[in-house]
Participant: 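Supplied in structure tokens, the structure appears directly below.
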Amino acid sequence: MAARRLWALLAALRAGWCLLPQAGYLHPDEFFQSPEVMAGDVLNLQVYYPWEFLSSSPCRTAVFPLATSGVAYWVLKALQQLDVCSRCVSAYTLLVAPRLLLTLFSFGLDYSVHRLAPVWGAEPWQALLLLAGSYVTLVFYTRTFTNTLEGFLFALLLVLVSSTKSAGRVTRPARSPLIGVVTAAGFFNRPTFLAFALMPLLCWAGLNADSRKSIKALINPFWKLITCACFTAVVFITADTMYFTSVGWDSLFSFTNGSLSDVIAQVNHRVVVTPFNFLRYNLDSRNLAQHGSHPRVTHFVVNGALLFGILHLLAVGAGFKMLKKYIHQSVRVGSYYRGSPRLSVPSDGQPTLLLFYFVPLALLSLFSHQEPRFLIPLILPLVLFSASQNRAMKWQPIIIIFNVLGAFLFGCLHQGGLIPCLFHLEHLVHSLEASNHPRCYTLLFAHTYMPPRSLLNIEKKDTHVEVIDMAGSEEETLCQVVGQHANNGTCGDCHFLVIIPGTVRATISKCGVLLKNETLIFPHLSMEDPPQISFLFSENWRSQLGLYILQLGRAQQSL
């Protein structure tokens, strides 16, 4: 009973923290792979379209962004048009609506763990607490990453391929059509899904092979799987072709006045297969180097421990022990028998769970670009393994401290000032004073993550707000751009705002511009421009962990 109450509390925390909302900004992809694109398509807001969603280089399927952020924004748009609420579309709802939908989906992970725990010899409520208490679930699985969707599909695939136990009997999985649909959908979401799906599919194939007595009965499930996977692929290709050509999404729902023939003609003219473009781009090492190259052991040594802490270390230790046992048995059996040695797999399924964890990790390690979020789908087999044989019980204090620190760092601190800053700017440009007396705003962001323009809630037809992203520009370049805009005398009622972390705040002072006003948003931690330890113990420590909104005027004139 205590475990159930604790899980309910953690579930409420997951939903409540999403609504609060979380201020931490994990990576630009959480906005620019879904909400930013759909805000422009559905709500007609000013946004920045990443190169993956341009018609010249389509590398991301539009189906999942449409089914998540697109649906959420369509609901907001409909509510506003029906006058249900006058401010249905705001910076807050634009941020929270897609996240809330993903948070609801995340409880599918809890269902999957509860369903799979008895199959794999894990204690269900212990596994659920490990899942719900992980900061990966609280933070990453409430964000609009394609990796988050990959985790949901991986969990669903594990449920579909696993045998079930009821009334003392083991029921073999026979859901080949659904398995084909999930595999194809996962591949179009991220082609790396095949790395996660490999071992579950082999497990499913082995279970079916053992339970079939005739060739026809053996081939039939595989034929259904392939057929359904191909059908799903055709659906994705058709939808992506419509999106990335001039036809658009409206043609999916309206076939009047000859529009159906136009759609068919457009599809015949150009077929878009986004996974092919994705693989072609990422298999080129020069392209991956632009996003950052890492040692091949980064996932194994750094990212696994960063995401899962002691659970990753427990899995690594168990993996080495099983490998050592396998080698020992191989030598022992080989000395007595001829032929290939075989290791008898224990009935508790622990080696299989380790394979579900380490095989995808090893395959993803073949690529030089390795980010921690690429591994978040692996939380499911990891908590199932850790909840068996009471592996994690004695490490409870460490697990709790690790997840509290992780949730605070990534959910609150990491680039934590940028979202509140955009909320503040949205209120500023939409204020009553601004609407009565139209003003022009130039917003320059420097040394921050890419700002999602959609959160400013500016329609495409409006031209009074300009956003400039200087990223991590050098001091000389930054001062040159700041000086040009500060000395712009062509606009009598223009406001020039610079958004910059406190750790590089002094750079603006060197640009020789007049500071009219400044606002400090706390907290904000930039790992690209981290604060010095000595400053954190000074009186000025808040500025080092803050984000500044500086309103600048004309450059100061020298006497």
Participant: With sequence neighbours left out, what residues match Arg60 under salt bridge (Lys or Arg N to Asp or Glu O under 4.0 Å)?
Facilitator: none

Participant: Run the side-chain contact (heavy atoms from CB on, under 4.5 Å) test on Val161 and Leu157 for me, step by step, so that the C-alpha distance in whole Å, both residues' side-chain angles and the decisive distance to 0.1 Å come before the verdict.
Facilitator: CA-CA 6 Å; Val161 304; Leu157 183 63; 4.0 Å; yes

Participant: Would you please indicate if the ring centroids of Phe385 and Phe356 are separated by under 6.0 Å?
Facilitator: no

Participant: For Phe154 and Pro200, work out which heavy atoms get closest and say how close.
Facilitator: CE1-CG, 3.9 Å

Participant: Parallel, tilted or perpendicular for Phe152 and Tyr141, by the 30°/60° rule?
Facilitator: tilted

Participant: Would Glu30 and Arg373 pass as an ion pair if we require N to O under 4.0 Å?
Facilitator: no

Participant: Could you walk me through whether Glu150 and Thr192 pass the side chain to side chain donor-acceptor pair (under 3.5 Å) test, one step at a time?
Facilitator: CA-CA 9 Å; Glu150 191 172 40; Thr192 54; 2.9 Å; yes

Participant: Is any side-chain heavy atom of Leu149 closer than 4.5 Å to a side-chain heavy atom of Phe193?
Facilitator: no

Participant: What verdict does the side-chain contact (heavy atoms from CB on, under 4.5 Å) test give for Ser365 and Leu361, after you've listed the backbone C-alpha separation in whole Å, the side-chain angles of each residue and the deciding distance to 0.1 Å?
Facilitator: CA-CA 6 Å; Ser365 297; Leu361 191 150; 4.0 Å; yes

Participant: For Phe402 and Trp395, I'd like to know if the aromatic rings sit close, meaning centre-to-centre distance below 6.0 Å.
Facilitator: no

Participant: So which heavy atom on Ile237 is nearest to which on Thr241, and how close?
Facilitator: O-OG1, 2.7 Å

Participant: Work out which heavy atom in Ala305 is nearest to a heavy atom in Val301; give both atom names and the distance.
Facilitator: CB-O, 4.1 Å

Participant: For Gln350 and Trp120, indicate whether the former's side chain and the latter's backbone hold a donor-acceptor pair under 3.5 Å.
Facilitator: yes

Participant: How far apart are the C-alpha atoms of Gln22 and Arg143, what are their side-chain angles, what is the distance that settles it, and do they pass the side chain to side chain donor-acceptor pair (under 3.5 Å) test?
Facilitator: CA-CA 10 Å; Gln22 290 185 29; Arg143 305 298 179 91; 2.6 Å; yes

Participant: Please find the pair of heavy atoms, one from Val96 and one from Cys18, that lie closest to each other, and give the distance.
Facilitator: CG2-O, 3.9 Å

Participant: Does the side chain of Arg296 reach to within under 4.5 Å of the side chain of Ser368, using non-hydrogen atoms?
Facilitator: yes

Participant: What's the separation between atom CG in Leu409 and atom CG in Leu525, rounded to the nearest 0.5 Å?
Facilitator: 6.5 Å

Participant: So does Arg115 pair up with Asp110, basic N to acidic O under 4.0 Å?
Facilitator: no

Participant: Does the side chain of Leu225 reach to within under 4.5 Å of the side chain of Ile179, using non-hydrogen atoms?
Facilitator: yes

Participant: Just how far is it from atom CG of Leu158 to atom OG of Ser112, taken to the nearest 0.5 Å?
Facilitator: 7.5 Å

Participant: Under 30°, 30 to 60°, or over 60°: which ring-plane class applies to Trp125 and Trp7, parallel, tilted or perpendicular?
Facilitator: perpendicular

Participant: I would like to know whether Arg14 and Thr137 meet side chain to side chain donor-acceptor pair (under 3.5 Å); could you show each step before the answer?
Facilitator: CA-CA 8 Å; Arg14 192 189 316 175; Thr137 304; 5.6 Å; no

Participant: Tell me whether the centres of the aromatic rings in Phe408 and Tyr135 are closer together than 6.0 Å.
Facilitator: no

Participant: Nearest 0.5 Å, what's the CZ-CG distance between Phe278 and Asn189?
Facilitator: 9.5 Å

Participant: Can you tell which of Phe140, Tyr449, Tyr25 makes a ring-ring contact (aromatic ring centres under 6.0 Å, His included) with His414?
Facilitator: Tyr449

Participant: Assess the residue pair Asn277 and Ser57 against the criterion (side-chain contact (heavy atoms from CB on, under 4.5 Å)); give the C-alpha distance rounded to whole Å, side-chain angles, the decisive distance to 0.1 Å, and a yes or no.
Facilitator: CA-CA 8 Å; Asn277 297 332; Ser57 55; over 6 Å; no

Participant: Using ring centroids (six-membered ring only for Trp), state whether Phe367 and His294 fall under 6.0 Å.
Facilitator: no

Participant: Minimum heavy-atom separation for Ala127 and Val113, please, with both atom names.
Facilitator: CB-CG1, 3.5 Å

Participant: Considering non-hydrogen atoms only, spot the tightest contact between Ser162 and Leu116 and give its length.
Facilitator: OG-CD2, 3.4 Å

Participant: Counting heavy atoms not belonging to Phe107, are there more than 12 under 6.0 Å from its CZ?
Facilitator: yes

Participant: Please round to the nearest 0.5 Å and tell me the distance separating atom CZ of Phe222 and atom OG of Ser176.
Facilitator: 9.0 Å

Participant: Assess the residue pair Thr144 and Ser34 against the criterion (side chain to side chain donor-acceptor pair (under 3.5 Å)); give the C-alpha distance rounded to whole Å, side-chain angles, the decisive distance to 0.1 Å, and a yes or no.
Facilitator: CA-CA 7 Å; Thr144 47; Ser34 182; 5.4 Å; no

Participant: Any donor-acceptor pair under 3.5 Å linking the side-chain atoms of Tyr73 with those of Asp41?
Facilitator: no

Participant: Are Trp51 and Phe32 close enough that their ring centres sit under 6.0 Å apart?
Facilitator: no

Participant: With a 4.5 Å heavy-atom cut-off, do Ile310 and Leu314 have their side chains touching?
Facilitator: yes

Participant: Take a 6.0 Å sphere around OH of Tyr49 and say whether it holds more than 12 heavy atoms from other residues, nucleotides or ligands.
Facilitator: yes

Participant: Going by the rule side chain to side chain donor-acceptor pair (under 3.5 Å), which residues pair with Asp284 if we only count those two or more places apart in sequence or in a different chain?
Facilitator: Arg286

Participant: Roughly how far apart are Leu129 CG and Leu10 CG, rounded to 0.5 Å?
Facilitator: 6.5 Å

